[in-house]
Amino acid sequence: MQKLHNTAQLKQSKWHRPLTRRQLLSTAGKLSMALSMGALPALAHSAARSLSTLPDDPFTLGVASGDPTGNSVVLWTRLAKEVLTTVGAHDDVLQVHWELAEDENFSQILRSGIIAASPALGHSVHAEVRGLSPASVYYFRWHIGNVTSPIGRTKTAPAADVDNTEFSFAFASCQQYEHGFYSAYKHMAVEQLDLIVHLGDYIYERSWGDNLVRAHEGPEILNLDDYRARYTTYKSDSDLQAAHASAPWVVTWDDHEVDNNYAAEVAEDDQTPEQLLSRRAAAYQAFYEFMPIRLPVGRQGPAMPIHRRLRFGKLMEMHVLDTRQYRSDQACGDGRKPSCSTHQDSSRTLLGAAQKDWLYSSLATTDSTWNVLAQQVMMASLRSRDENGNELWPMDIWDGYPHERQQLLETLHTVGTPNPVVLTGDIHSNWAADLKLDFDDPGSATVGSEFVGTSITSGGDGRDMTDYGAALLANNPHVKFYNAQRGYVKATLSPEQWLSEYKVLERVTEPGAPISVRKRFIVEAGQPGVQEA
Ligand code: FE
Ligand code: CA
């Protein structure tokens, strides 16, 4: 078991090392032979079949865009399998047209193109449009045969070197389909944001709870067909589609896109590492198929590097992290536990060596005003005490990896990364916290700020305060806010101030609930730590 673990890590770190341009070029050739998926974007659309008439709408999963840069954005859609089956085209590579314009009426088509939709990728399509203007709103749509898709709004990032003075985005996570309706997305969509960030648990691999308001199909999902069907169910939601059509998204995954609390190749339950890696390859492929992202360079089988950096003018640099694919197995049997020797092992990692090197070097050189780590699990310590006063550590979050957390916080402090802000999902509750150099010493330096956003639906309606939350607030003085309703966080940035607004819903078990701001926190530039506004 241990040997397998090491082999897999070696394999991953090889694929993870930042490649030189020469390596990249020579790797590209090998990859396109080795990977059916890697070869596809280069597929000539002229070889693809052109459909003239479809009996039904194939765009029932909506449209999306994502990963904007100053001059490019990825456009996405996916053709519904049922419609293709009806016309006997489900095994064919098909031509899909896209159009992009500056106005919603498409009075002048600025760009257009044809993409090959392949059955190998479930007829999903990703068009990377380049040569666009920075900080500009565009509208896009897709055509196949006689059918046109819904219209999507997207926006490029501000130019990398511009002194931009305002940027606003929302971040969200954890949208268990059975636990509630996506009303939060309905509200988010009308905000016409610059960006929407998803921190993971976009789908859930299985059911839990007993107050389910709608059903997703089947038992726990394990293979590619299962994962595709699950994404299809989630993406059929019109509120989710509205949010995707309203702004570009930046997405990362957490655990439930594969398996609850998996760690690298270690499954939650009794799957062997080989089984989990094969499952992970299917899950990661489905993630790519359904998300508006560029094909990750270095993808091979179960290895799919999605950590990346996006820049939004001089105002914000966003480091999108992956704390699942490379992590050491949770210590002491996972859950909330007293520390054990494995927990103290300084060689354990949450980020993996390659991602960590990449992150640290970026944190040492970034010149943006706000430096975001968009990631999954809570970084501020969230320890509790049992009835005998023994300290309990939540082993799945950064508390379970104390050495690496300390190293990261000390790095931020030492290299002087400007205004680090950590954004987090995963735990289905809102939190605001100071990131301390020493969480055991309230007088130690605050090196950054953390905003944890609650779930879109996971956990059902929720409550403002719980005994659990109150106990954790009392035991962790660096944590300033807790709320366990559903919703999302809106962030508004200026060169002087970061504002986080915690938007919550009265309920998610019925559709159409209104939304309100439960709390506002700010960070002043140059002064790390969260302040109630
Ligand atoms: Fe979750
Ligand atoms: Ca999670």
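What's counted below: heavy atoms across the whole structure, side chains too, no hydrogens, waters or symmetry copies. Counting starts at 1 for both ligands and their atoms, following the listed order.
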- Message: What do you get for the angle at the Ca ion (ligand 2) between OD2 on Asp254 and OD1 on Asp426, to the nearest 10 degrees?
- Response: 80°
- Using 30° and 60° as the class limits, which term best fits the ring planes of Trp249 and His198: parallel, tilted or perpendicular? parallel
- Query: Relative to the ring of Tyr177, is the ring of Tyr182 parallel (under 30°), tilted (30 to 60°) or perpendicular (over 60°)?
  - Reply: perpendicular
- Query: Below 2.8 Å, any N, O or S contact between His256 and the Fe ion (ligand 1)?
  - Reply: no
- Message: Let me check your reading of the structure: within less than 2.8 Å of the Fe ion (ligand 1), is there an N/O/S atom from Gln176?
- Response: no
- Query: Any N/O/S atom of Asp396 sitting less than 3.0 Å from the Ca ion (ligand 2), backbone or side chain?
  - Reply: no
- Looking at Asp201, which of its N, O or S atoms is the nearest one to the Ca ion (ligand 2)? OD2
- Among the N, O or S atoms of Asp255, the one nearest the Ca ion (ligand 2): OD1
- Could you please compute the angle at the Fe ion (ligand 1) from NE2 of His428 to SG of Cys174, rounded to 10°? 90°
- Task: For Gln376 and Leu321, indicate whether the former's side chain and the latter's backbone hold a donor-acceptor pair under 3.5 Å.
- Result: yes
- Item | Beyond-backbone contact of His187 with Tyr185, side-chain heavy atoms, under 4.5 angstrom | no
- Query: With respect to Ser183, which candidate in Ile456, Ile515, Leu505 satisfies the side chain to side chain contact (heavy atoms under 4.5 Å, CB included) definition?
  - Reply: Leu505
- Message: What is the name of the N/O/S atom of Asp201 that is nearest to the Fe ion (ligand 1)?
- Response: OD2
- Query: Do you know the tightest heavy-atom contact between Tyr202 and Glu257?
  - Reply: N-OE2, 2.8 Å
